[in-house]
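Contents: one structure, followed by commentary.
These numbers were taken from a predicted model, which means no experiment stands behind them. Computed over heavy atoms, backbone and side chain alike; hydrogens, waters and symmetry mates excluded.
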Number of protein chains: 2
Amino acid sequence: MSRASDRAYAAIRNMILSGELPPGVQLGEEALAEKCGVSRTPVRDALRRLENEMLVARTDTQRSFVAEWSLDDVRDAFDLRAMLEGYAARLAAGRMTADSLAQLRSANAQIAQAIARQQPDVGAFLEGNRLFHAAILEVAGSRRLVAQLAALVEQPVVWRTAHHYGPAALHRSWSEHEELIAAFARRDGAWAEAIMSSHIMRAYHAYADAHRALSAGPGAANDAADAAIAVEAAE
Amino acid sequence: MSRASDRAYAAIRNMILSGELPPGVQLGEEALAEKCGVSRTPVRDALRRLENEMLVARTDTQRSFVAEWSLDDVRDAFDLRAMLEGYAARLAAGRMTADSLAQLRSANAQIAQAIARQQPDVGAFLEGNRLFHAAILEVAGSRRLVAQLAALVEQPVVWRTAHHYGPAALHRSWSEHEELIAAFARRDGAWAEAIMSSHIMRAYHAYADAHRALSAGPGAANDAADAAIAVEAAE
DNA sequence: CCTGACGCAATTGTATACAATAATCTCTCA
DNA sequence: TGAGAGATTATTGTATACAATTGCGTCAGG
C-alpha cells in the first residue's frame, strides 16, 4: 500500500464510494494526480484497476468517468452474484473442513456481538460479514470465482448508504448465516446453494425497495428504507 | 488497434497463445518492449490487460510470468463458463428477436459451410462459432456477463491445439447449435440453458480426454485425441 | 438561424530518465 | 561446506516532457 499507484487507487476509490466524485463526473488524469499528490503514471494505473472493477467507465475515446449504475445494472449485478455465490456455497459444502466451519462460526459470532447492543456496530458487522463470505470463497477453492466476484461486490450505490442500519434486518442476515453453517455442517451443497442465492436476492429486493422509497420523495428516508439499505450492504 | 499499447497487447497475446512464450516464462517489460518495438509504457499497459484475462500471472513482488494452467484450473474455468454461458442462454431465450435469431442461423450456416468440405476450414469454423456465441451474449444483454466471460474464453492450452480438427466432432458442435436455435425459437429458457451447459461441459471432457491421451505418450496424438481437442476449441 | 469547417484548448498516449525495489552473486566466517 | 551479510545486477515504479488525439468554441457562409 506504500506504492504511489496504490495510494492513488485507494484515494480515487474512496472519493467515488463516498460520493465526493458522483456518477457521471469526468476523471481527468492530471486533476486526479494533483489531488493524490502523485504523477499521472500511477493515476493511470489506478484508473485501469477501477475500470476493471466497473467503478470507472471509459468512452470510446479513452476518457474516464465515474460509472453510473442504473437500477437495471444493479439488478444485473445481483443476479450474477446470487448465482456465483450460490455456486461457491455448493462447492464449499463439498470441501468443508472442521477448521473452516469453526471460522464461519466465529465470524457469525462476531456479527451477533456487533448487533447485540442497542446501537449496532455497523463497522464490526460489515467486517464479520466480509470474513464470513470470504471464508466460504476460500473453501470453495476456485481462484477464478474469487476474481469474478471481486468485481461484483463493490457497488458504490451500496456503500454510499451502508452506514444506515436496521436491527431487525441485520438479525435476519445473521440468522441466514446460521442456516448456511447448518447446511455446511451437513455437507449439503444443494441446500447451501439455495440459502446463499436467496440470501443475496433478498438483499437485492431490500435495496430496490429502499431505492424506490428514496426516489419517491427526497426527504422520505424513513426507518424502513434505512433498514432495507443496511440489509443490502450486509448481504 | 493503431495505438502502441494495442499492438503490444496483440503481440504479447499472440506469443503466449502460439506457445512462443510457454507457461512459466518470465515476462520482462524491457525485453517485451524491444520485441514489440515500443517503449515500456505501453507494454506495462498490455501486461495489465493480459493479467486481467489471466493469461499473465504476477508474483507478490510484481514480476510477470506466463500463467500456468493445471488441469484443475481448466476444469474450474469450464465449470464457471458452463454456468455463465448457460445463464446467458436462459436470459437470451426470453429476449430473443427475429433479427437475432436470423443472425444465429447465419452464423451456424457459416459453420456448416466450413465443415462441409473434405478438409474443414477450421479458421472459418472458429469465427462462425465466435459469432454464434457472441450473438447470444448480446441478446442476453448483461454487460457484466460479457466482461466476466471474456476472461474465461481465452485459454492458451486450447488455442495452442485448436488447429487440429475432427469432422465428426465439429459436426456435433454444429448440431448442438441447431438445437440451441430451436430452443431460442420457442423462447424456452430452461431448455436453452440446459443445452448450453452441456455443450460447454462436453467440450471440457473432450479436452480432458485429449489431454490424458497426449500426456500418456508423447507421440500418441492419434485421430481421436485430435478430434476431441478440436471440439474443445469449438465449444 | 443553422451548419460545418477551422483552430485552439484540454486530455490522453508514448518515450525516456531516474529512483526504488527485488533477485542474485560473492565473499567471509563459523 | 554451508549460511548469512553485503554488494551488484536486474527489474519494476515514478516523474516528466513531448506527441497525438479529442473536444469545443468560434466564425464564415448559406
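- Identified under the side-chain hydrogen bond (donor to acceptor under 3.5 Å, both in side chains) test for residues 21-35 of chain B, with sequence neighbours left out: E29(B)-R40(B), E29(B)-R44(B).
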Side-chain polar contacts of residues 86-95 of chain B - donor-acceptor pairs under 3.5 angstrom, sequence neighbours left out - could you list them?
unit_1 : atom_1 : unit_2  : atom_2 : d
R90(B) : NE     : E193(B) : OE1    : 2.6
R95(B) : NE     : V139(B) : O      : 2.8

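- The CZ-P distance, from R7(B) to dA15(C), rounds to 8 Å in whole Å.
- Take R105(A) and apply the side-chain contact (heavy atoms from CB on, under 4.5 Å) test, not counting sequence neighbours, and it matches L101(A), I181(A), A185(A).
- For E68(A), the side-chain contact (heavy atoms from CB on, under 4.5 Å) criterion is met by P23(A), not counting sequence neighbours.
- Side-chain nitrogen and oxygen atoms of S39(A) include at least one within less than 4.0 Å of the OP1 or OP2 phosphate oxygen of dA15(D).
- The ring-ring contact (aromatic ring centres under 6.0 Å, His included) search around F132(A) returns H177(A), not counting sequence neighbours.
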Using the 3.5 Å cut-off, write out each protein N or O paired with an N or O of nucleotides 10-13 of chain D and the distance between them.
unit_1  : atom_1 : unit_2 : atom_2 : d
dT12(D) : OP1    : L27(B) : O      : 3.4
dT12(D) : OP2    : E29(B) : N      : 3.0
dG13(D) : OP1    : Q62(B) : NE2    : 3.1
dG13(D) : OP2    : R44(B) : NH1    : 2.6
dG13(D) : OP2    : R44(B) : NH2    : 3.1
dG13(D) : N7     : R40(B) : NH2    : 2.8
dG13(D) : O6     : R40(B) : NH1    : 3.0

